[in-house]
Amino acid sequence: MQKINITLADGSIRQYDHGVTAMDVALSISEGLARNVLSASVDGEIWDASRPIEKDASVRLFTWNDKEGKATFWHSSAHLMAEALEALYPGIKFGIGPAIESGFYYDVDTGSVTLTPEDFPKIEQKMLELARNKSAYVRKKVSKADAIKYFTDKGDEYKLELIDGLEDGQITFYTQGNFTDLCRGPHIPDTSPIKATKILNLAGAYWRGDEKRKQLTRIYAITFPKAKELTDYLEMIEEAKKRDHRKLGAELELFMFSEKVGQGLPMWLPKGTQLRERLQNYLRAEQEKMGYQMVVTPHIGAKALYVTSGHYAKYGADSFQPIKTPKEGEEFLLKPMNCPHHCEIFAVRPRSYKELPLRIGEFGTVYRYEQSGELHGLSRVRGFTQDDAHIFCTKDQVKGEFLQVLALTTKVIKKMGFENFTAQISLRDPENPDKYIGSDENWQAAEQGIIDAVSEFDIETVTEYGEAAFYGPKLDFMIKDALGRSWQLGTIQVDYNLPERFELEYIGADNQAHRPVMIHRAPFGSMERFISILIEHTAGKFPLWLTPDQYAILPISDRLIPYSEKIKSILGQHDIRGFIDDRTESIGRKIRDAELKRVPLMLIVGDKEAENNQVSVRRQSHGDIGSMSINEFISYFEQLLEE
RNA sequence: GCCAGUGUAGCUCAGUUGGCCAGAGCAGCUGAUUUGUAAUCAGCUGGUCGGGGGUUCGAAUCCCUCCACUGGCUCCA
């Protein structure tokens with residue numbers, strides 16, 4: 001028997017018989033490992049653990065603890081769900097059924113039947129019942145003709161369309177139990193590890209993502225190898241619901257919406273406004289240290305401005321339509337972007353190279369028409385404020401400026417308590433050049449500028465093609481919140497195009513006119529979206545420096561109100577802000593309400609404290625800290641502020 | 001915008017197959033209580049049941065339509 005060399009993840013090389021499977025390899029290492037292997041990669045390609053390896057290869061084994069192992073597990077679960085659906089709803093047709101970040105979905109055409117959440121338990125039961133059969137996932141190569149015949153007989157036009165796009169000789173089917181699917185694989189060895197399952201929700205999804213085509217029913221679900229993991233997952237979902245910024249925003253009176261004002265138009269209540277302005281003040285101060293200058297521009301601009309910038313051609317039809325002056329009929333647009341205004345500020349007078357880089361910042365409120373179905377709390381709205389700035393610089397300065405923005409952004413994100421973040425480099429889609437404006441040379445220069453700058457900065461990056469803005473490539477910051485969910489935050493964009501469109505120039509040292517480069521950047525992205533993420537990340541327990549009320553003084557009885565006022569005034573002199581709960585309520589009640597309002601520090605004052613010039617300190621979600629003098633409290637506070 | 005779902009008091013929710021003046025808790029108001037580390041007690045106020053139209057002797061309940069919200073899809077300068 002011919003032998004082949006298998007290189008394992010730890011770099012060791014072992015010899016096996018020709019045709020060995022990853023499962024055999026695992027078994028040769030340990031039985032426990034073999035039990036847990038879900039899939040493998042062979043020379044970087046994800047394979048079934050049961051697929052024979054026919055040449056020297058480097059093999060990695062994936063279990064539930066690997067991202068790849070989970071993906072295989074969920075993909076196989078999608079097939080299991082499909083089998084269950086076919087058993088319960090004969091004639092059902094299938095679109096695609098991939099694994100996603102948490103779980104999987106299958107797009108199905110149920111014909112005349114409409115699925116509802118009441119159907120979920122029976123689908124779940126059927127899945128578990130089928131899983132217990134320990135059906136193997138069997139891979140089979142099929143010819144294109146046979147594949148077409150199979151799905152023609154079955155009457156599944158979606159699969160036929162998928163097959164149409166595949167090459168003969170590359171088509172594989174997978175069968176488990178009574179269900180056969182067109183599938184590239186890989187799959188887990190058999191259905192038995194699928195021990196817990198939950199159908200999560202239903203949604204409409206266009207076939208192949210095309211809104212002109214038929215809408216299928218997308219069934220989202222998740223499965224686990226252990227029942228406990230499902231319970232934990234469902235608890236996490238519950239926790240996420242509790243932290244939902246729409247719920248907390250209303251409870252903490254941060255912001256509101258009103259039907260009368262209009263969809264997607266948030267209004268900031270006093271507490272939310274405090275929070276937001278504190279964030280802005282912080283960012284403004286950081287930016288001013290870095291040489292930014294603030295400006296203010298109007299909320300509307302002449303239509304011609306956006307024709308010049310190219311935004312009108314690109315988005316005009318899908319925007320709020322122009323408003324007109326009553327007599328002259330001149331057209332103005334609600335400002336969807338600040339950059340054209342800032343370009344005009346640059347052009348206010350001839351600029352010298354000595355002024356560059358010129359960093360123009362604005363907390364600019366913009367209005368964008370978002371489709372009604374897109375609106376979501378504060379994270380997707382029609383009127384929002386960007387923490388925007390545009391840096392006008394020379395080509396030689398781009399890298400340095402980009403690095404400065406990277407430094408600013410990471411500093412700000414860390415200050416907000418996010419530890420876990422990565423950068424996504426968003427480049428052009430090489431297959432769709434028409435989506436973009438500007439010359440190839442400019443794009444190349446801009447893309448290379450980003451890549452060069454980021455390579456010098458210590459940050460984990462991923463590159464995505466087709467995610468660039470229409471006028472230039474971007475670097476987007478992705479953060480992970482306390483529940484492990486990913487969010488896109490701020491962005492940095494290098495732009496050679498707008499300066500050209502606005503014919504911006506500066507006079508160089510050579511006394512010649514040159515075109516500046518523009519960097520667009522917004523560390524938070526928008527105040528609205530950022531605050532929505534911050535609320536969910538902190539569950540409403542904002543950092544002490546940022547929170548609207550830092551303390552609540554809770555007098556035990558009404559006669560302690562004068563003493564409470566004295567404390568409040570002393571704390572005010574130290575820039576410590578808060579309020580007195582002067583209601584005639586029990587102390588238990590006042591504590592409960594302050595806890596629910598997420599007030600970080602509660603100062604309970606009774607006769608004892610008043611006699612000794614003390615306060616009894618209680619920390620939100622920590623409990624009783626003990627009594628201390630007012631000065632001691634101030635140092636305690638300042639110490640907490642440092643943390 | 002599309003698919004599915006939801007819409008009862010400021011909030012959370014009850015309201016059997018259509019049938020007396022639509023209910024509760026919390027919040028609010030009034031009064032009493034002056035309280036020691038997560039809800040003091042009592043009374044009261046509050047709803048054209050999302051808007052409009054229809055079916056019916058009778059609609060919160062059934063139908064149509066519009067609006068908003070929720071979960072997705074598509075989109076995101």
Side-chain angles (χ1 to χ4, degrees), chain A residues 105 107 114-117 200-220 241 244 246-247 250-251 253 256-260 262-264 306 309-316 318-319 335-340 366-377 379-382 384 386 388 437 467-472 474 488 491 493 495 497-498 520 522 525-526 529 554-561 583-597 602-609 616-627:
Chain A
Y105 65 80
D107 284 347
T114 307
L115 289 176
T116 72
L200 297 169
N201 53 9
L202 296 170
Y206 301 110
W207 170 232
R208 312 209 101 176
D210 182 346
E211 63 182 305
K212 290 182 193 69
R213 306 203 57 184
K214 180 156 183 172
Q215 191 148 24
L216 305 180
T217 304
R218 177 165 296 179
I219 309 175
Y220 284 90
K241 268 190 205 154
D244 190 315
R246 293 166 298 185
K247 183 170 138 68
E251 277 171 19
E253 300 194 309
M256 63 171 284
F257 291 89
S258 153
E259 269 187 48
K260 284 191 186 130
Q263 268 190 297
Y306 304 100
S309 72
H311 290 104
Y312 190 77
K314 182 82 181 169
Y315 295 104
D318 297 317
S319 296
K335 176 167 77 173
M337 286 294 287
N338 302 302
C339 30
V366 297
Y367 301 90
R368 295 180 184 175
Y369 170 76
E370 304 284 0
Q371 299 185 96
S372 59
E374 274 316 317
L375 301 170
H376 178 93
S379 36
R380 195 77 184 267
V381 288
R382 285 179 173 169
F384 58 96
Q386 296 179 311
D388 211 359
I437 59 166
E467 295 291 313
F470 75 96
Y471 52 74
K474 303 193 283 184
Q488 185 187 321
T491 175
Q493 304 168 8
D495 181 3
N497 288 310
L498 273 192
H520 309 242
S526 88
R529 184 176 161 75
L554 313 180
I556 295 274
S557 89
D558 291 353
R559 68 174 173 279
L560 276 311
I561 289 176
R583 295 174 303 168
T584 308
E585 282 291 350
S586 70
I587 193 65
R589 176 52 172 274
K590 291 180 183 179
I591 287 168
R592 179 181 152 83
D593 288 347
E595 287 276 351
L596 291 176
K597 279 194 227 152
M602 286 154 269
L603 306 179
I604 294 151
V605 297
D607 293 329
K608 260 188 292 176
E609 285 76 16
S616 172
V617 180
R618 182 186 164 99
R619 237 180 119 182
Q620 203 268 343
S621 63
H622 288 74
D624 195 359
I625 302 291
S627 291

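Note on naming: letters A, B, ... go to the chains in the order of the sequence lines (proteins, then strands), and numbering restarts at 1 for each one.
- Scanning all heavy atoms of the two residues, the minimum distance from D607(A) to L560(A) falls at OD1-CD2, 3.6 Å.
- When the P atom of C2(B) is taken as reference, atom NZ of K214(A) falls 17 Å away, rounded to whole Å.
- Atom CZ of R529(A) is separated from atom P of A77(B) by 12 Å (rounded to the nearest Å).
- Between I219(A) atom CD1 and A4(B) atom C1' there is a gap of 12 Å when expressed in whole angstrom units.
- Contacts of Y206(A) classified as side chain to side chain contact (heavy atoms under 4.5 Å, CB included), with partners at least two apart in sequence or in another chain: E211(A), Q215(A).
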Secondary structure of RNA chain B in dot-bracket form (Watson-Crick or G-U wobble, distances below 3.5 Å, | marking inter-strand pairs): (((((((..((((.....[...)))).(((((.......))))).....(((((..]....))))))))))))....
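- Nucleic acid contact for S319(A): base, since at least one base atom lies under 4.0 Å from a heavy atom of the residue.
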What string of B, S and - do you get for nucleotides 30-43 of chain B, 5' to 3', when a contact is any protein heavy atom under 4.0 Å? ---BBBBBBBB---
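- Remark: E253(A) CD is loosely packed, at most 12 non-hydrogen atoms of other residues, nucleotides or ligands lying under 6.0 Å away.
- Shown here are the ring pair (Phe, Tyr, Trp, His ring centres under 6.0 Å) partners of Y312(A), two or more places apart in sequence or in another chain: there are none.
- Within the model, atoms CZ of R246(A) and OG of S379(A) stand 7.5 Å from one another, a figure rounded to the nearest 0.5 Å.
- Within the model, atoms CZ of R382(A) and CD of Q263(A) stand 5.0 Å from one another, a figure rounded to the nearest 0.5 Å.
- Atom CD in Q371(A) sits about 14 Å away from atom P in A68(B), given to the nearest Å.
- Side chain R380(A) to base C75(B): a donor-acceptor pair is found below 3.5 Å.
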Output a table of nitrogen or oxygen pairs between the protein and nucleotides 11-13 of chain B separated by less than 3.5 Å.
none

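- Rounded to whole Å, the P atom of U17(B) lies 48 Å from the corresponding atom of A32(B).
- Ranked by how close their nearest RNA chain B nucleotide is to the 5' end, A203(A) and Y367(A) are led by A203(A).
- Between the side chain of R368(A) and the base of C76(B), no donor-acceptor pair under 3.5 Å is found.
- Of all non-hydrogen atoms in A469(A) and Q493(A), the two that sit nearest each other are CB-OE1, 4.3 Å.
- Between K247(A) atom NZ and G10(B) atom P there is a gap of 19 Å when expressed in whole angstrom units.
- Among the atoms of the strands shown, only primed sugar atoms or phosphate atoms (P, OP1, OP2) are found under 4.0 Å from some heavy atom of H376(A).
- Judged by distance alone, with hydrogens and angles left aside, the side-chain atoms of K590(A) form no donor-acceptor pair with the main-chain N or O of I556(A) at under 3.5 Å.
- Here R619(A) lies out of heavy-atom contact (under 4.0 Å) with every strand.
- Residues that satisfy the side chain to side chain donor-acceptor pair (under 3.5 Å) test with R618(A), not counting sequence neighbours, are E595(A).
- We find that the ring of Y315(A) and the base of A77(B) stack, their centres lying under 5.5 angstrom apart and their planes tilted less than 30°.
- Per the geometry, CG belonging to D318(A) stands 10 Å off C1' belonging to G1(B), to the nearest Å.
- The side chain of E259(A) lies closest to A68(B) when the candidates are G72(B), G71(B), A68(B).
- In this structure, F257(A) reaches neither bases nor backbone, as no heavy-atom distance under 4.0 Å exists between it and the strands shown.
- With hydrogens and angles ignored, no donor-acceptor pair under 3.5 angstrom links the side chain of Y369(A) to the base of G1(B).
- Distances were taken from every side-chain heavy atom of Y220(A) (C-beta onward) to each of G71(B), C73(B), A68(B); the shortest belongs to C73(B).
- Rounded to whole Å, atom P of C75(B) lies 17 Å from atom CZ of F470(A).
- Residue R382(A) is the one, among R382(A) and E467(A), whose nearest nucleotide of RNA chain B lies closer to the 5' end (criterion: closest heavy atom).
- The distance from atom CD of E370(A) to atom P of C75(B) is 13 Å, rounded to the nearest whole Å.
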